[in-house]
Amino acid sequence: MISFLLQTATDTIAQSGSIDSTIDPTIVMNVRILGGMVVGLWTLELIDSLLLRGKLNRFGIRPRQSYGIKGIFLSPLLHGDLKHLAANTLPLVMLGGFILFRNQQTFAIVTAVVWLISGIGTWLFGGPRTNHIGASGIVFGYLGFLLLQGYLERSPIAIGLAVISGVLYGGSLWGVLPIKRGRSWQGHLFGLIGGGIAARYLPELNQYATIALEKLQLMQTVN
């Protein structure tokens, strides 16, 4: 899923050719990543809403059902309607952008950890006969990561990003409680937990990711 979004980003912005070559390449790539996420999600939802009449939503997370396991990997890509996606787009871009501001490897690690923990937690503890879709678990994971990273790292940048994130989206933390019917609070809760885990073990996760990338590059060189 993540590779799909990253590839969409590269294709979309590269074809446009509208970004000045004098801009920092890191900023260009960050824009490509975020732009690709938005383009990919909106393209998929437009196809589902206008052409498939919501048929893709059946691939969401079905708690404790074997056929619902695939939803762990697919549900963040699916939304109930365009309004649902619109509500998730801005916080996804804002909070994801704050993490990308640190570096791209951290963004990839946090996204992967949150994606899996939010999905697995929802599959294990979601209500019976429910279907969970949407990227809000990722949003809560990004928020949880930024808040805890500010506390753990205590650098000016980390604290600043935590404060801004808290001011902008701290009120949404009520979404981890079962106080509104029809809302996947389990996805929110486990997304938040996943973000906290990613923040707590980020050094170790970065080390594992670096080693894995080095091995992959070595294999490609040999071949």
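Bear in mind the structure is a predicted one, so any value in this text is a computation, not a measurement.
In this structure, R64 contributes its side chain and G126 its backbone to a donor-acceptor pair below 3.5 Å. Judged by distance alone, with hydrogens and angles left aside, the side-chain atoms of T43 form no donor-acceptor pair with the main-chain N or O of G40 at under 3.5 Å. A distance-only check finds a donor-acceptor pair linking the side chain of D48 to the backbone of K55 [under 3.5 Å]. Side chain of W123 to backbone of G71: no donor-acceptor contact under 3.5 angstrom is found. Judged purely by atom type and a 3.5 angstrom limit, N131 uses its side chain to pair as donor or acceptor with the backbone of N57. Judged by distance alone, with hydrogens and angles left aside, the side-chain atoms of H79 form a donor-acceptor pair with the main-chain N or O of A135 at under 3.5 Å.
The environment of CD1 in I157 is sparse: at most 12 heavy-atom neighbours from other residues, nucleotides or ligands sit within 6.0 Å.
Side-chain contact, S165 with Y142: no donor N or O sits under 3.5 Å from an acceptor N or O.
Among residue pairs with one or both ends in residues 170-189, those qualifying as ring pair (Phe, Tyr, Trp, His ring centres under 6.0 Å) are F140-H188; sequence neighbours excluded.
Of all non-hydrogen atoms in S172 and L143, the two that sit nearest each other are OG-CD2, 3.8 Å. Across all their heavy atoms, L77 and L41 have their closest contact at CA-CD2, 3.8 Å.
Looking at I164 and L146, their side chains never come closer than 4.5 Å, going by heavy atoms from C-beta outward.
Note that CG of L46 is 7.0 Å distant from CH2 of W42, once rounded to the nearest 0.5 Å.
Separation of the F190 and F125 ring centroids falls under the 6.0 Å cut-off.
Checking L148, L173, V139, V114 one by one against L192, the side-chain contact (heavy atoms from CB on, under 4.5 Å) holds for a single residue, L173.
Under a 4.0 Å N-O distance rule, the pair E153/R102 qualifies as a salt bridge.
Remark: F145 pairs with no residue by the ring-ring contact (aromatic ring centres under 6.0 Å, His included) rule, at least two apart or across chains. Under the side-chain contact (heavy atoms from CB on, under 4.5 Å) criterion, N103 pairs with Q105, T106, sequence neighbours left out.
Residue I69 is grouped with residue L74 when hydrophobic side chains (ILVMFWY) are merged at heavy-atom distances under 4.5 angstrom, including chains of intermediate members.
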